[in-house]
Q: 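The structure follows.
Labels below follow one simple rule: chain letters A, B, ... track the order of the sequence lines, proteins then strands, and each chain is numbered from 1.
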2 protein chains.
Amino acid sequence: MAVTLKQICEEAGVSKATVSRVLNNHPLVSKETREKVQEVIQRLKFTPNALARNLSLRRTDTIGVLFPWIFNGFFSTLLRGVDSAASELNYHVITSLSHDAGDENAMASRLLKERRIDGLILMAPSLPADQIEELKSIDVPLVVLQREIADPEVNSVSVDNFDGGLKATAHLIERGCRRILAIAGPQGSLDSDRREAGYREALKQADIAFDPDLLIRSNFNKETAFTSFENFRRRFAMPDAIFCFNDEIALGMLKYLKTIGVRVPEDVALIGFDGIEFTEFAELSTLTMPMQEMGRQAVRLLIKQIECKEKRTAEQLLLKGAVVERNSTRRRS
Amino acid sequence: MAVTLKQICEEAGVSKATVSRVLNNHPLVSKETREKVQEVIQRLKFTPNALARNLSLRRTDTIGVLFPWIFNGFFSTLLRGVDSAASELNYHVITSLSHDAGDENAMASRLLKERRIDGLILMAPSLPADQIEELKSIDVPLVVLQREIADPEVNSVSVDNFDGGLKATAHLIERGCRRILAIAGPQGSLDSDRREAGYREALKQADIAFDPDLLIRSNFNKETAFTSFENFRRRFAMPDAIFCFNDEIALGMLKYLKTIGVRVPEDVALIGFDGIEFTEFAELSTLTMPMQEMGRQAVRLLIKQIECKEKRTAEQLLLKGAVVERNSTRRRS
DNA sequence: TCCTTGCTTGGAACCGGTTACACTAGCATA
DNA sequence: TATGCTAGTGTAACCGGTTCCAAGCAAGGA
């Protein structure tokens with residue numbers, strides 16, 4: 001059995017209250033008592049039981065991070081940001097991957113209602129609004145990550161999709177491309193819509209008319225992107241450039257274009273969105289999101305909520321990404 | 001304030017003990033009582049407080065997973081395996097990344113001694129033996145991941161490095177390569193040594209004499225690998241194939257060879273080790289380790305230890321990897 | 001000298017569950 | 001009818017801390 005506070009107080013000849021005060025650096029303890037107690041603590045190698053402490057204090061110093069099963073490339077970088085910020089602020093991190101889509105709520109509310117965590121960071125790009133509503137109702141600190149949220153009562157940290165769409169497109173335009181094919185996400189995806197708005201804005205700023213034929217859709221994965229793209233090819237000439245709304249699509253396209261003999265960047269420039277690590281190896285230009293920073297900010301926002309109880313208005317952070325230029329958009333010489 | 005067990009028992013007109021029995025499906029409760037209590041639980045939306053429960057039961061249903069900061073490609077896949085196995089067995093997962101090397105112990109023992117976790121999965125490829133010794137002394141269930149351990153008292157799950165080295169080399173030999181350069185890890189790395197042994201065994205089986213000049217060393221990263229390789233090039237002719245002892249080196253080499261005009265696989269075949277995801281995009285052949293399965297097995301081993309208290313002899317699982325053939329070792333036609 | 005004040009300290013309740021043990025009632029057995 | 005057993009339930013201690021409140025005690029002021 002581990003050493004407990006009781007053993008310490010018996011050994012030191014003081015009460016539990018006093019030992020507890022020493023542990024928490026309470027000022028109202030005389031110097032001699034404090035030193036005596038500390039000596040015993042050292043000698044018996046006492047570490048207070050966090051469970052008991054948490055039960056008393058009604059807090060766990062732990063935050064939950066809920067990720068979707070799929071979110072591959074981001075995952076580690078984001079979690080890294082979360083973990084580093086959390087550990088700096090002396091919090092622990094419970095991770096949980098939702099296995100089935102729709103699982104999120106059950107897992108989240110279980111963690112929350114069982115009081116295992118003080119707050120939750122939720123990364124669920126496809127979580128429907130009503131589920132968020134439900135989570136909100138549990139009334140525990142919550143930060144939604146990587147999902148621009150309309151609801152002003154929900155704290156969120158997200159990449160500025162509009163700004164990103166604009167920058168990526170502008171980058172292609174600067175390289176001399178004018179017929180820029182956008183492979184967007186599904187209808188109704190807020191992320192996709194905002195990126196599209198940025199894309200259009202960049203065109204407008206360059207006095208290029210928006211051509212609806214040059215915007216095709218996917219489900220943010222390569223398979224659906226391929227189908228759309230082949231459809232496009234049958235009807236139209238190859239564009240100057242392709243702006244894929246995420247890196248998975250872009251990486252898939254890169255490979256695919258090679259197989260059909262289209263050279264990147266000589267025949268067509270290609271840019272992705274997200275900045276997953278693989279893009280570096282693939283020499284793919286992309287708009288990188290500051291994932292680690294997003295993780296850090298999410299933690300900060302969450303802990304701010306946890307530590308000051310009075311209801312504060314929610315914050316919605318929008319972090320800006322940046323274009324990383326690699327071979328796939330190198331200027332044709 | 002959340003609903004507590006006390007409120008349930010008052011509302012249902014029974015004692016705490018009875019409510020607790022209902023919650024835990026204890027058989028000694030009459031049907032009527034059980035139903036009445038359950039109805040109240042439903043109606044008041046009661047969820048028992050895990051902290052209180054844990055304190056009483058002296059267990060947390062939580063395992064810790066400690067990763068090094070660097071272990072990129074593996075990270076998500078491994079964690080995925082851990083998470084899925086843990087959640088199937090009704091355990092939670094606390095993750096922690098050690099930020100500074102050497103941090104591991106402090107973090108691990110803090111989690112363990114504070115009784116926040118019931119056991120620990122430690123992934124620390126570079127953890128010195130004496131630190132493991134120290135962790136062992138805390139005497140809490142522990143599984144070491146991805147590190148062949150000499151100590152028979154420590155449970156571990158690891159890839160079979162010998163088998164992997166053998167298979168990767170044999171794969172190259174089958175493709176007709178005979179001068180096979182191995183870019184190994186540092187001296188004294190158990191992983192590297194075992195892979196090397198496999199490499200040598202494969203050569204021996206093919207009646208190829210081992211040539212010490214064809215074994216160069218790195219620190220398992222591209223920078224040191226480059227230095228060694230350039231050194232090698234100045235003195236010797238290009239080999240038939242290169243077996244890189246991890247994928248990071250292999251991916252770096254792939255890029256590097258391209259810049260110096262050496263074609264893969266036409267001029268030289270290239271194979272990596274580990275099976276990180278990027279290898280797929282890079283068309284790099286590699287020996288993939290079953291990362292997800294390793295995570296799952298580690299959890300299983302750990303929970304087996306947690307749940308049967310009598311000291312059992314430690315198990316050391318060695319999972320075998322498999323060669324995934326991609327373009328970088330495609331047979332020259 | 002007596003009372004007030006402030007610093008230390010201890011007693012005991014509390015956080016929200018689990019469970020060993022005691023107790024009661026009902027029924028079968030002797 | 002007395003006895004033993006069992007099923008169902010309640011009492012109270014316990015897990016290991018935190019903290020409110022009261023009390024002891026010495027110093028300072030009236």
Side-chain angles (χ1 to χ4, degrees), chain A residues 1-38 40-41 44-62 90 92 110-118 309, chain B residues 1-38 40-41 44-62 110-118 309:
Chain A
M1 209 58 247
V3 183
T4 69
L5 185 142
K6 199 172 170 192
Q7 292 170 45
I8 301 297
C9 71
E10 281 166 5
E11 181 78 17
V14 296
S15 72
K16 287 167 73 180
T18 302
V19 176
S20 176
R21 285 191 194 104
V22 171
L23 283 174
N24 296 294
N25 291 315
H26 191 102
L28 287 183
V29 183
S30 73
K31 201 171 171 189
E32 309 93 73
T33 312
R34 182 181 302 277
E35 280 166 1
K36 184 176 57 183
V37 172
Q38 270 165 346
V40 178
I41 289 176
L44 270 59
K45 294 195 178 37
F46 167 64
T47 310
N49 180 317
L51 257 41
R53 184 154 201 281
N54 293 339
L55 180 59
S56 264
L57 296 177
R58 275 183 227 78
R59 39 178 287 193
T60 59
D61 299 325
T62 304
N90 283 311
H92 298 275
R110 190 167 149 220
L111 282 169
L112 287 168
K113 292 178 73 184
E114 287 185 341
R115 307 271 150 198
R116 283 181 195 273
I117 57 178
D118 296 336
K309 49 248 112 240
Chain B
M1 210 60 246
V3 184
T4 70
L5 184 142
K6 200 172 169 192
Q7 293 170 44
I8 301 297
C9 71
E10 283 166 4
E11 182 77 16
V14 295
S15 72
K16 287 168 72 182
T18 302
V19 177
S20 176
R21 286 190 194 105
V22 171
L23 284 174
N24 296 294
N25 291 315
H26 191 101
L28 286 183
V29 183
S30 75
K31 202 171 172 190
E32 308 93 75
T33 311
R34 183 181 301 276
E35 280 166 2
K36 185 175 58 182
V37 172
Q38 269 165 347
V40 178
I41 289 176
L44 271 58
K45 293 193 175 43
F46 167 65
T47 311
N49 180 318
L51 258 42
R53 186 154 199 282
N54 293 340
L55 180 58
S56 263
L57 296 176
R58 276 183 225 78
R59 38 179 287 191
T60 59
D61 299 324
T62 303
R110 191 168 148 218
L111 282 169
L112 287 168
K113 292 179 71 183
E114 288 186 341
R115 307 271 150 196
R116 284 182 195 273
I117 57 179
D118 296 337
K309 48 247 112 243

Q: Taking only the side-chain heavy atoms of A:F46 (C-beta and beyond), determine which of D:dG17, C:dT8, C:dG17 contains the nearest atom.
A: D:dG17
Q: What does the inter-axis angle of the helix from C:dT1-D:dA30 to C:dA30-D:dT1 come out as, five pairs per end, nearest 10 degrees?
A: 70°
Q: Could you check how far CG of B:L28 sits from C1' of D:dC5, rounded to whole Å?
A: 14 Å
Q: Any side-chain N or O of A:S56 less than 4.0 Å from the OP1 or OP2 oxygen of D:dT19?
A: no
Q: Using a 4.0 Å cut-off on heavy atoms, which residues in residues 15-24 of chain B reach DNA chain D? List them by number, or say none.
A: B:S15, B:A17, B:T18, B:R21
Q: Please report the distance, rounded to the nearest Å, between CD in B:E32 and P in D:dA7.
A: 15 Å
Q: Picking from C:dT8, D:dA7, C:dG17, which would you name as closest to the side chain of A:S30?
A: C:dT8
Q: A:N54 CG to D:dT18 P: how many Å, rounded?
A: 10 Å
Q: Find the distance B:R116:CZ to D:dC15:P and express it as a whole number of Å.
A: 21 Å
Q: Kindly point out which of D:dT9, C:dT18, D:dG16 is positioned nearest to the side chain of A:A52?
A: D:dG16
Q: A:R34 CZ to C:dC7 C1': how many Å, rounded?
A: 13 Å
Q: How many whole angstroms separate atom CG of A:L5 from atom C1' of D:dG17?
A: 6 Å
Q: Before you tell me yes or no, could you show the steps for B:N54 and A:E114 under side chain to side chain contact (heavy atoms under 4.5 Å, CB included), namely the whole-Å CA-CA distance, both residues' side-chain angles and the distance that decides it to 0.1 Å?
A: CA-CA 11 Å; B:N54 293 340; A:E114 287 185 341; over 6 Å; no
Q: Do B:N49 and A:R58 get their side chains close enough for a donor-acceptor pair, meaning under 3.5 Å?
A: no
Q: Which is more 5' along DNA chain C, the nucleotide nearest A:V14 or the one nearest B:K6? Just name the residue.
A: A:V14
Q: Distance check needed: C:dT19 P versus B:R53 CZ, whole Å only.
A: 8 Å
